[in-house]
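Have a look at the structure below before the remarks.
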Amino acid sequence: MKKFKRTLVTSALPYANGPLHIGHLAGAYIPADIFVRYLRLKKENVLFIGGSDEHGVPITLRAKKEGDTPKKIIDRYHYQMKETFKQMGISYDFYGRTSSETHHKLASDFFRQLYDNGKFIQKTNEQCYDEEAKMFLADRYIMGECPQCHCENAYGDQCEKCGTSLSPTELINPKSTISGCKPIMKKTTHWYLPLDEYEDWLKKWILEDHKEWRPNVYGQCKSWLDTGLHPRAVSRDLDWGIPLPIEGTEGKVLYVWFDAPIGYISNTKELCDTRPEKGDWETWWKDKDTRLVHFIGKDNIVFHCIVFPAMLKAHGNFILPDNVPGNEFLNLEDDKISTSRNWAVWVHEYLEDFPGKQDVLRYVLTANAPETKDNNFTWRDFQARNNNELVAIYGNFVNRALVLTQKYFNGTVPAKGELTEYDNSTLNDFADIKYKIERFLDDFKFREAQKEVLNLARIGNKYLADTEPWKLAKTDMDRVGTILNISLQIVANLAVAFEPFLPFSSEKLKKIILLKSYDWEMLGSTNLLPVGHKLNKPELLFDKIEDESIEFQIKKLLSNKESNSCKEENEIKTAPIRSNIDFADFEKLDIRIGTVLECQKVPKTDKLLQFTIDDGLNNRTILSGIAEYYSPEHLIGKQVCFIANLSSKKIRGIESRGMILSALNADNTLSLITVEKPVKPGSEVK
RNA sequence: CGCGGAGUGGAGCAGUGGCGGCUCGUUAGGCUCAUAACCUAAAGGUCGGGGGUUCGAAUCCCUCCUCCGCAACCA
């Protein structure tokens with residue numbers, strides 16, 4: 001492995017349009033913080049950079065919806081997130097924001113250099129334009145009637161009612177959400193980064209030179225590279241973001257994914273410019289002896305492994321990431337975390353509900369980190385890990401050693417006598433553990449590393465149980481002194497070893513045992529606390545978490561979910577009645593009743609059922625997207641209502657002749673329309 | 001045959017060619033310094049199924065099945 005002189009650690013820039021939840025912490029922030037704290041303890045030269053990602057369409061949409069300016073939105077969430085990180089002990093050297101002046105300038109310059117060196121290609125095509133507001137419209141800014149479900153409020157990229165993905169041109173009666181007028185098509189020019197030109201280089205760099213990357217990261221990259229890369233737009237028509245630094249391009253900004261990763265660089269610069277002792281930002285980003293590590297969640301793999309490196313390569317002067325430890329996702333109580341459904345544990349709420357328990361959350365999210373696959377957070381597991389591991393193993397051992405010392409030696413570290421073979425083998429055990437922890441941390445295996453640290457406490461508990469100093473106290477105080485001395489050394493070692501993982505507890509423990517300062521190299525030492533050293537009064541490191549507070553949290557989650565779905569039902573207005581039609585129009589529709597003869601799921605689809613319907617004449621095949629609500633075997637023999645003269649359409653290679661009618665409920669579930677009493681197949685509906 | 005990840009004791013997970021392992025839970029015993037915490041022991045697994053390579057397979061190859069995410073699909 002290459003030796004580096006310094007390490008630059010970044011963690012994904014969280015998007016400033018909502019608060020942080022535990023999935024964010026588990027994915028990128030806690031692992032990054034553990035890694036950084038570990039390197040700092042080793043006295044390595046390390047910089048930890050983060051910041052808020054504050055551009056892009058969703059923020060402007062949110063601002064519009066709330067009647068605020070984008071600036072107000074990003075201010076609110078930037079400061080909230082910054083504070084949450086601080087409270088959780090995420091020890092950034094600098095937490096910046098992409099709306100800063102430094103960033104605007106640096107991102108512009110970055111773009112300009114690529115532009116001047118001909119690294120972009122320029123393309124002109126037609127996009128929706130709002131003549132009244134005089135601006136191009138992103139897909140999300142266009143609403144209209146969905147061509148599928150005829151819901152009135154479909155967006156230009158997707159109808160949220162039926163889930164169909166759309167393009168703005170498909171909408172019926174499209175309207176700009178800004179002015180309400182009908183958008184026209186107008187030509188616009190954008191710049192693209194031709195990723196395909198970097199394909200061969202990326203293949204070598206990742207697939208050959210970085211086989212050590214995590215399988216999930218490597219696999220994702222391989223999949224992209226094998227499929228083939230395409231040019232990606234780097235500009236957008238929008239008034240929120242960094243203006244394109246090209247003459248005559250008013251109303252265009254850098255596309256958010258282009259500007260955001262440059263934020264790592266500009267935040268470094270901003271820190272170094274104000275704090276020269278941190279070094280020169282260009283050394284951090286351009287010197288070959290700097291190791292760059294990005295901590296991210298799996299949704300960001302492509303940007304950090306393919307797009308951003310291609311940008312850096314195109315620029316020419318920057319170093320590339322040495323590793324990109326991407327985590328999978330964390331589920332909550334067996335369900336995907338979702339901001340819109342309010343299915344999340346918000347970190348700022350956790351901090352209120354569990355004051356002083358930052359380390360418990362840090363511990364649980366690390367013990368159960370989604371390093372190799374999606375994992376699940378449950379409040380029961382949270383409680384069990386606190387009570388059975390932090391309290392019972394770590395906290396309890398520390399307390400035992402301190403209470404015994406208080407009792408027999410009045411809180412003073414006793415002298416060590418001659419060591420037995422057992423004493424020595426215990427000491428050897430924890431020297432081994434230091435080596436193991438290092439190996440895991442160097443390999444980004446934080447879950448394993450933390451487990452090994454807890455094993456130190458297990459060794460301590462076992463040592464006390466085996467040597468039984470409380471029995472010896474009646475006969476051999478010298479021996480008791482030796483045992484407690486060793487136990488106290490283990491306690492001090494725990495404070496050091498847990499520091500990257502549980503910084504608050506280590507701080508507390510440090511105060512109890514009056515350990516002045518420490519570094520990683522002291523780990524494994526048996527002389528951290530000198531003989532005669534006076535200790536403070538014992539204090540519990542962790543408290544039990546009772547059932548009530550867990551039940552409270554579970555209830556809170558469930559009621560969030562419930563109130564959310566109630567809200568939805570109330571908020572959804574009954575669709576307005578469409579414009580009148582003539583009787584002649586109605587007569588064109590041929591609606592019939594048919595009997596379901598056969599029904600089966602269309603393979604490899606989630607929603608499609610294939611029906612064979614007896615329509616009184618010939619049997620016909622109809623496809624319907626109701627598989628989520630009905631199982632095929634229950635439908636056989638039922639009589640359903642269908643449109644018989646709708647032009648046929650091939651879906652998934654199957655010819656569908658007609659449309660089975662269902663009612664769309666407010667909660668987006670479908671309910672089949674059937675007859676009140678059986679009728680002859682083929683009966684007309686009038 | 002869309003892409004990727006995953007299937008290992010009751011639960012959560014390690015283990016990528018050499019006697020199936022860890023944490024929690026369960027049961028029994030010990031201890032009583034400690035937050036009913038700690039220590040020891042036991043029970044519990046045809047390592048998703050089948051086939052193959054090998055002296056030897058959880059691990060490599062083939063094949064099938066299942067789950068998750070993305071994509072597709074919703075007449």
Side-chain angles (χ1 to χ4, degrees), chain A residues 146-149 159 161-165 214-224 226-227 298-299 301-302 328-329 331 334 336 367-378 380-381 384-385 387-408 440 445 447-448 451-452 454-455 457-458 460-473 480 483-484 487 538 540-544 602-609 622-628 642-643 646-662 664 670:
Chain A
C146 169
Q148 310 290 336
C149 69
C159 170
K161 188 91 174 176
C162 67
T164 311
S165 56
R214 285 193 184 161
N216 56 338
V217 177
Y218 188 90
Q220 181 89 221
C221 293
K222 187 170 185 315
S223 146
W224 271 72
D226 288 350
T227 316
K298 71 171 164 188
D299 50 336
I301 290 174
V302 170
E328 299 288 299
F329 283 158
N331 292 328
D334 300 308
K336 202 175 157 179
N368 199 20
E371 285 175 7
T372 51
K373 59 171 200 177
D374 289 358
N375 269 348
N376 196 22
F377 177 95
T378 66
R380 290 284 167 209
D381 179 65
R385 287 195 186 273
N387 293 355
N388 303 328
E389 297 176 24
L390 287 179
V391 172
I393 294 170
Y394 179 23
N396 183 45
F397 168 66
V398 170
N399 193 41
R400 294 172 83 182
L402 295 176
V403 167
L404 285 167
T405 307
Q406 199 68 36
K407 191 164 173 183
Y408 298 128
F440 286 132
K445 291 182 175 164
R447 192 171 51 190
E448 292 292 321
K451 204 149 119 190
E452 285 304 331
L454 192 68
N455 277 340
R458 287 201 168 89
N461 274 320
K462 181 167 161 48
Y463 180 69
L464 282 181
D466 289 344
T467 53
E468 299 182 306
W470 51 90
K471 279 189 182 164
L472 293 171
V480 173
I483 293 166
L484 287 183
S487 300
L540 297 179
L541 278 184
F542 302 97
D543 298 311
K544 280 205 136 189
V602 180
K604 309 249 175 213
T605 63
D606 290 340
K607 301 185 182 176
L608 278 182
L609 287 184
I622 303 183
L623 297 186
S624 183
I626 57 172
E628 287 170 297
F642 66 96
I643 300 178
L646 194 65
S647 327
S648 67
K649 160 97 178 183
K650 223 176 190 180
I651 300 163
R652 306 291 292 183
I654 302 163
E655 186 94 8
S656 178
R657 299 178 51 239
M659 173 171 173
I660 293 175
L661 300 178
S662 300
L664 179 63
L670 290 167

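Just so we're on the same page: letters track the sequence lines, and every chain starts at 1. Predicted model only: the values in this text are computed from it and were never measured.
Not a single salt bridge (charged side-chain N to carboxylate O under 4.0 Å, His left out) links Arg657(A) to another residue, sequence neighbours left out. Shown here are the salt bridge (charged side-chain N to carboxylate O under 4.0 Å, His left out) partners of Glu328(A), two or more places apart in sequence or in another chain: Lys298(A). Here Lys462(A) pairs with Asp466(A) under the salt bridge (charged side-chain N to carboxylate O under 4.0 Å, His left out) rule; sequence neighbours left out. When the ring pair (Phe, Tyr, Trp, His ring centres under 6.0 Å) test is applied to Tyr463(A), the partners found at least two apart in sequence or on another chain are Tyr422(A). For Ser648(A), the side-chain hydrogen bond (donor to acceptor under 3.5 Å, both in side chains) partners are Glu655(A), not counting sequence neighbours. Every residue meeting the side chain to side chain contact (heavy atoms under 4.5 Å, CB included) condition with Ala473(A), not counting sequence neighbours, appears here in chain and number order: Tyr408(A), Met477(A), Val480(A). Taking Tyr394(A) as the reference, Phe498(A), Phe542(A) meet the ring pair (Phe, Tyr, Trp, His ring centres under 6.0 Å) condition, with sequence neighbours excluded. Partners of Asn396(A) according to the side-chain hydrogen bond (donor to acceptor under 3.5 Å, both in side chains) rule, which considers only residues two or more places apart in sequence or in another chain, do not exist here.
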Interface polar pairs with nucleotides 3-8 of chain B, N/O, under 3.5 angstrom:
unit_1, atom_1, unit_2, atom_2, d
C3(B), O2', Ser223(A), OG, 2.7

Review item, nucleotides 31-33 of chain B N/O atoms under 3.5 Å of protein N/O:
unit_1, atom_1, unit_2, atom_2, d
C33(B), O2, Arg400(A), NE, 3.2
C33(B), N3, Arg400(A), NE, 3.2
C33(B), N3, Arg400(A), NH2, 2.5
C33(B), N4, Arg400(A), NH2, 2.8

Pull out every protein N or O sitting under 3.5 Å from an N or O of nucleotides 20-24 of chain B, one pair per line with the distance.
unit_1, atom_1, unit_2, atom_2, d
U23(B), O3', Arg458(A), NH2, 2.8
U23(B), O2', Glu389(A), OE2, 3.0
C24(B), O3', Asn388(A), ND2, 3.2

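Nucleic acid contact class of Leu540(A) (heavy atoms, under 4.0 Å, all strands): base. Residue Leu541(A) is in base contact, counting any heavy-atom pair closer than 4.0 Å across all strands shown. Among the atoms of the strands shown, none is found under 4.0 Å from any heavy atom of Arg657(A). Looking at heavy-atom distances under 4.0 Å, Ser624(A) makes contact with sugar-phosphate atoms alone, never a base. Contact annotation for Asn396(A): base contact, defined as any heavy-atom pair under 4.0 Å involving a base atom. Using a 4.0 Å heavy-atom cutoff across all strands shown, Lys544(A) reaches at least one base atom of the nucleic acid. Across all strands shown, Asn368(A) has heavy atoms under 4.0 Å from sugar-phosphate atoms exclusively, and none from any base. As judged by a 4.0 angstrom heavy-atom cut-off over every strand, Phe329(A) is placed among residues making no nucleic acid contact.
With rounding to whole Å, Glu371(A) atom CD is found 14 Å from G12(B) atom C1'. Protein atom CZ of Phe377(A) is 14 Å distant from nucleotide atom P of C13(B), rounded to whole Å.
Heavy-atom minimum distance, Arg385(A) versus Ala367(A): NH1-CB, 3.7 Å. Nearest heavy-atom pair, Leu464(A) versus Ser487(A), reported as atom, atom and distance to 0.1 Å: CD2-OG, 3.5 Å.
Without hydrogens or angle criteria, Gln406(A) side chain to Pro538(A) main chain gives no donor-acceptor distance under 3.5 Å. Asn388(A) contributes a side-chain N or O that, together with a main-chain N or O of Ala384(A), makes up a donor-acceptor pair within less than 3.5 Å. Formation of a donor-acceptor pair under 3.5 Å by the Asn368(A) side chain with backbone atoms of Asn376(A) is found in this model.
The residue among Ile660(A) and Asp381(A) whose nearest nucleotide of RNA chain B is located toward the 5' end is Asp381(A).
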Worksheet item: How does RNA chain B look in dot-bracket form if you count Watson-Crick and G-U pairs under 3.5 Å, write [ ] for pairs that cross, and put | where a base pairs with another strand?
Response: .(((((((.[[[[.)..(..]]]].(((((.......))))).....[[[[[..)....]]]]])))))).....
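The side chain of Glu448(A) lies closest to A14(B), out of U35(B), C39(B), A14(B).
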